[in-house]
Structure formats: structure tokens, C-alpha cells
Amino acid sequence: MPTKPRPQKDPRREELRRLGERVREQRRTRGLTQEALAEALDLSVAYVSLIERGRRNPPITTVLALAEALNANPTDLLVRDAGLAEVAA
């Protein structure tokens, strides 16, 4: 019986995972809990957790609000290598 070909990884999933990692890193650097961040944004803790795990694709308005709550540049959350963004600017 022939085996089914494995589906290729969706590159968008990988981007969401990296976005979540950057959000988590920024949050921890600032000493915030998921609860505190969620409260500042009027989001549920579960939603913040899902974003950090790359399980949700937040709208750009949420990404901007995350950046503001974290006192970070939105580019720091969105760009793969923020150092490259500074060179390109």
C-alpha cells in the first residue's frame, strides 16, 4: 500500500511561532506575567498564551497593542532579525 506524501510545513505557522517567541521574550524581559499583559490589553490570558505558542494569528491591531503594552517597537515583534531592520531603515 503506497504511503501518503507528507504535507510540507506551512511557513506561516513557523512565522506565528517566532512571533510568539518574540512576544514571550519581550514580556519576560519586562517582568510581566501573561495575566498582567492580558489585563493591560483587555484580552484573555488564554489568548495571550495561544499567541505566545504560535497557535493564533493575531490581527495587526493586536500586534500593535502588544508592542505598545510591552513598550517595544512593533518591528521587534514582527521582523525575523530586528538588527536587519535597523540596517534596512
Side-chain angles (χ1 to χ4, degrees):
M1 180 176 221
T3 59
K4 291 183 182 178
R6 285 185 152 198
Q8 291 184 340
K9 278 192 170 184
D10 185 348
R12 294 172 294 180
R13 282 277 157 223
E14 190 60 25
E15 281 300 319
L16 291 175
R17 187 187 63 74
R18 286 194 290 265
L19 169 66
E21 287 176 354
R22 291 186 289 266
V23 168
R24 179 181 290 128
E25 179 183 322
Q26 293 284 333
R27 176 182 59 76
R28 287 180 174 168
T29 297
R30 283 152 181 78
L32 293 172
T33 62
Q34 286 182 340
E35 292 83 3
L37 181 58
E39 186 175 318
L41 297 169
D42 197 27
L43 298 173
S44 72
V45 175
Y47 189 62
V48 170
S49 175
L50 289 167
I51 291 171
E52 287 188 358
R53 290 183 285 139
R55 299 290 185 97
R56 288 295 177 270
N57 186 2
I60 189 67
T61 53
T62 300
V63 174
L64 293 172
L66 281 163
E68 185 175 332
L70 294 168
N71 196 27
N73 188 318
T75 305
D76 294 338
L77 300 180
L78 294 172
V79 176
R80 290 181 190 152
D81 183 348
L84 290 178
E86 291 173 11
V87 172

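Basis for what follows: all heavy atoms, side chains included, without hydrogens, waters or symmetry-related copies. Keep in mind that what you see is a predicted model, and the values were worked out from it rather than measured.
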**OP:** Check the pair Leu37, Gln34 against side chain to side chain contact (heavy atoms under 4.5 Å, CB included), reporting the backbone distance first and the verdict last.
**Re:** CA-CA 5 Å; Leu37 181 58; Gln34 286 182 340; 5.8 Å; no

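- The salt bridge (Lys or Arg N to Asp or Glu O under 4.0 Å) test with Glu15 is passed by exactly one of Arg12, Arg17, Arg18: Arg18.
- If you chain together hydrophobic residues whose side chains sit under 4.5 Å apart, Ile51 and Val63 fall into the same group.
- Grouping the Ile, Leu, Val, Met, Phe, Trp and Tyr side chains by contacts below 4.5 angstrom, directly or via other members, places Leu43 with Val23.
- Hydrophobic clustering (side-chain heavy atoms under 4.5 Å, transitive across Ile, Leu, Val, Met, Phe, Trp, Tyr) keeps Leu16 apart from Leu66.
- In the hydrophobic clustering of this structure, Leu50 does not group with Leu77; members are Ile, Leu, Val, Met, Phe, Trp, Tyr whose side-chain heavy atoms approach within less than 4.5 Å, directly or through other members.
- In the model, Arg30 has a side-chain atom that pairs as donor or acceptor with a side-chain atom of Gln26 under 3.5 Å.
- The two atoms that bring Tyr47 and Pro58 nearest to each other are OH-CA, 3.6 Å, heavy atoms only.
- A side chain to side chain donor-acceptor pair (under 3.5 Å) check over residues 59-71, counting only residues at least two apart or in different chains, returns nothing.
- Legend: residues meeting side-chain contact (heavy atoms from CB on, under 4.5 Å) with Glu25, ordered by chain and number and at least two apart, are Thr29.
- Residues passing the side-chain contact (heavy atoms from CB on, under 4.5 Å) test with Ala65, sequence neighbours excluded: Leu41.
- Residue pairs meeting the salt bridge (Lys or Arg N to Asp or Glu O under 4.0 Å) criterion with at least one partner in residues 34-62, sequence neighbours excluded, are Arg24-Glu52, Arg27-Glu52.
- With sequence neighbours left out, the salt bridge (charged side-chain N to carboxylate O under 4.0 Å, His left out) criterion links Arg13 to no other residue.
- Tracing side-chain contacts under 4.5 Å through hydrophobic residues (I, L, V, M, F, W, Y), one reaches Leu64 starting from Leu70; they form part of the same cluster.
- Scanning for side chain to side chain donor-acceptor pair (under 3.5 Å) contacts around Asn57 gives an empty result, with sequence neighbours left out.
- Put simply, the side chain of Ile60 reaches to within 4.5 Å of the side chain of Leu78, judged on heavy atoms.
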